[in-house]
Asks: 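Shown below is the structure under consideration.
By convention in this document, chain letters (A, B, ...) are assigned in the order of the sequence lines, proteins followed by strands, and residues within each chain are numbered from 1. All values derive from a computational prediction rather than experimental measurement.
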Amino acid sequence: MSDPFDLAQAVEPVSAGAAPGGTVAVPPYFAGLNEAQAEAVAITEGPLLVLAGAGTGKTRVLTTRLAHILRSRLAWPSQMLAVTFTNKAAREMRERVGALIGAAVEGLWLGTFHSNAVRILRRHADLVGLKSDFSILDVDDQLRVMKQVIEDANIDEKRWPARALATLIDRWKDKGLRPDMLDRDEAAGFAQGRGGALYAAYQERLRTLNATDFGDLLLHTLTLFTSRTDVLAEYQERFRYILVDEYQDTNVAQYLWLRLLAQRHRNLCCVGDDDQSIYGWRGAEVGNILRFEQDFPGARVVRLERNYRSTPHILGSASKLIAHNQGRLGKTLWTDDADPGEKIVIRGVWDGDEEARLVGEDIEALQRAGHRLNAIAILVRASFQTREFEDRFLTIGIPYRIVGGLGFYARREIRDIIAYLRVIHQPDDDLAFERIINVPKRGIGEATLQAMHQLARHERRSLYRVAGTLLATDELRPQVRRVLGELQASFERWRAAAAQTALPVLIATVLAESGYAEMWQLARTVDAPGRLENLKELLSATETFETLTAFLDHVSLVMDNDAQAGGDAVNLLTLHSAKGLEFDTVFLPGWEEGLFPNQRTLDEGGLAALEEERRLAYVGLTRARQRVRISYAANRRVYATWQAALPSRFIAELPPEHAEHAAEHGMYGRTVRGLEDGAAATPSPGPSSFGRRFGNRIASGGAVAGGERLSGEIDLTPAGEFRTGMRVFHQKFGYGAVLAVEGNRLDIAFEKAGRKKVVDSFVAPV
DNA sequence: TCTCCGTCGCTTTTT
DNA sequence: GCGACGGAGA
């Protein structure tokens, strides 16, 4: 692997600032901060790492710090950059800072890495080969492009799936690596050494689409900063103070990005907790936070260790557990709470059904004791685990909500209609156009699309434009031509209307005139009414947007999980999406070897992966304010078959003085006998099916399909070589003679098919 | 172009 | 055990 820090080496290290630090008078908003918190707020100058343990008042410190800098007139809002990972976190911060200092938050650069990057990139898009109205692809689009690239390279997509390539490329982008920066070993990682070439082809394709994916937003800004020092200098000068939340989750690209921006003023404050780094599998580098003091010489480190959230028993358990990890910066959470609270309860159960039943009973008991369901959460390792609980809760009538899951904008009907809007906004958005060209069904099928693609590639124009050309020919069947013509006419109409129509009205028009709404009205599936509901919801959600562009930007960046506020309900969510949240009562089911820690993760990532799993357990425990109930089942259904399972190793890492096994049900005992019946006697159910398949992919050799792609010769036909009288061949219409040439359109008398107008790229001279 | 059927593959997912 | 996807046939 090449040194991911190549880029950094081109950059001066951020040196120690002579930090004046501290403030003179103590402003009122310092009241109530503990000593460490106050320090984290007051040290405004120079690099600062705030190690904020779970429940130590991190958000409060962040917002107070922001307010403090603004109040002290150290910087104008427009000179501050505050970066979060989620839109939700950004929103919360904006609200809380707003509450502290009022309207001055206007002008603050507060947002996610991605939204801040877009803001910069739109201004300078031309410098990295994009137009400023570039579109931001979501994962689906990304995958579709990837498939095209793989297909174009004549690689068998079965053997080398687009998914895998996408992951590979994403990881490169996470590291800040452009195609030209890969070293040989890395580039050879896919389809017998063609990974690097495919990456380059993919980037090229995105450029012609005037599009970026998520990783590009950062990568392109990095390119911009390193290639144009004048632009970089402008932003370096502007951002006097930079604040970063959840620093343990930054990837290399983000690190480099921050490092470049912070270079001038050196006032970079990063807040994070190495023990809560759980996104390594997505390219996050715990190393960033571990290395902070080396990266930024002279950095100060403040530890927030006083916990205001959990009971001593919970804290004691969490601390003991996480102590099993190596390579931590080390913190010890403490609380001066005199009441130790309830011990953590650990329960072994027979199977998933019993587990769900038990949790259900507990919740009912809590409910009777006056606890609110909103304050109860069930945190699972994998989302499919929620199903058993849902089933049970439906049966016994406990209201619940799934937190996370498919976000509003990820739903099919919403994506479809957004595709319509994207085409209205940017007719050249091929991916969007392709998505809806036959939705609802118009009879425009694969064959038509194929022809359009061929022509589009040949003429280097978009599908939408090409459609216009084809409509003037006999290339398409009359039926298809009519329908496509109507569609295009509709788009022209909508586009003309877009400028002076309110967004909800525009969308309603599109829904009605495209037949899309009707499609769902006629559908007699169970989900149809819900989808129509969602579309209605979209209408009201768009009311607040001034322009179509503003809305589309919002959509690409804010794949918000609409906070299903609702009434009082139990929360079902994954451990990953629980980070940053807290609940009175937390249930942690499924603590079994193979499931948690997850076997596949272990297979792929070894010790580092195990430690990340442990951090996940730590995150789970520290979500709880008052009580934690852990459970493990002796038998777990994995896909079709029953697997025997052993308790998670993490259970043994919980200290008996803080965590106790509930009285034996006698149920778990049966397991052991069950085990002897010949099922796997090894601890983990996992490695059997999971890991192996991945191995196959690497082991098996040749791709290659090739040969059969039609019409290489047609693609190669140079333009303008047709003359009147020339004899030609057309795939569909057969042989004929050219009667007239009008630009790229030919008027041809075919021997069998009669007189037709066709596009020259579909015709070969003979 | 649509529909039916067999095969494959199965974790987490802030943007 | 289930859904997504691709190929074959109507």
Asks: Side chain of A/H114 only, please: which of B/dT15, B/dC2, C/dG6 is the nearest?
Replies: B/dT15

Asks: Atom CG of A/L143 to atom P of C/dA4: distance rounded to whole Å?
Replies: 15 Å

Asks: For A/D216, check side chain to side chain donor-acceptor pair (under 3.5 Å) against everything at least two apart and list the hits.
Replies: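 In terms of side chain to side chain donor-acceptor pair (under 3.5 Å), with neighbours along the sequence ignored, A/D216 is linked to A/K173, A/Q203.
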
Asks: Apply side chain to side chain donor-acceptor pair (under 3.5 Å) to A/T250 and list each qualifying residue two or more places apart in sequence or on a separate chain.
Replies: A/N288

Asks: So, under a plain 3.5 Å distance rule, would you say the side chain of A/R442 forms a donor-acceptor pair with the base of B/dT1?
Replies: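 Answer is no: no donor-acceptor pair is held.
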
Asks: B/dT15, OP1 or OP2 - any side-chain N/O from A/N87 closer than 4.0 Å?
Replies: yes

Asks: A cation-pi test, strictly: NZ or CZ of A/R122 under 6.0 Å from the centre of the six-membered ring of A/F134 and no more than 45 degrees from its axis. Yes or no?
Replies: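 Positive - A/R122 is close enough to the ring of A/F134 and near enough to its axis.
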
Asks: Just to be sure I understand the rule, does A/S383 reach a base, reach only the sugar-phosphate, or reach nothing, if contact means heavy atoms closer than 4.0 Å?
Replies: sugar-phosphate

Asks: Please confirm whether the shortest side-chain N or O distance from A/T167 to OP1 or OP2 of B/dT13 is below 4.0 Å.
Replies: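 For B/dT13, OP1/OP2 do not have a side-chain N/O of A/T167 under 4.0 Å.
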
Asks: Tell me which of A/L449 and A/L616 sits closer to the 5' end of DNA chain B, going by the nucleotide each one is nearest to.
Replies: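 This one resolves to A/L449.
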
Asks: Applying a 4.0 Å non-hydrogen cut-off, can you work out what A/T212 is touching in the nucleic acid: base, sugar-phosphate, or nothing?
Replies: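 No contact at all - A/T212 keeps every heavy atom at 4.0 Å or more from the nucleic acid.
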
Asks: Could you tell me whether A/R636 sits above the aromatic face of A/W642, with NZ or CZ closer than 6.0 angstrom to the six-membered ring centre and within 45 degrees of the axis?
Replies: no

Asks: Is the shortest side-chain N/O distance from A/S577 to OP1 or OP2 of B/dT14 below 4.0 Å?
Replies: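 No, A/S577 has no side-chain N/O under 4.0 Å of OP1/OP2 on B/dT14.
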
Asks: With a 4.0 Å cut-off on heavy atoms, is A/Y279 in touch with a base, just the backbone sugar-phosphate, or nothing at all?
Replies: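 Here A/Y279 touches the bases of the nucleic acid.
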
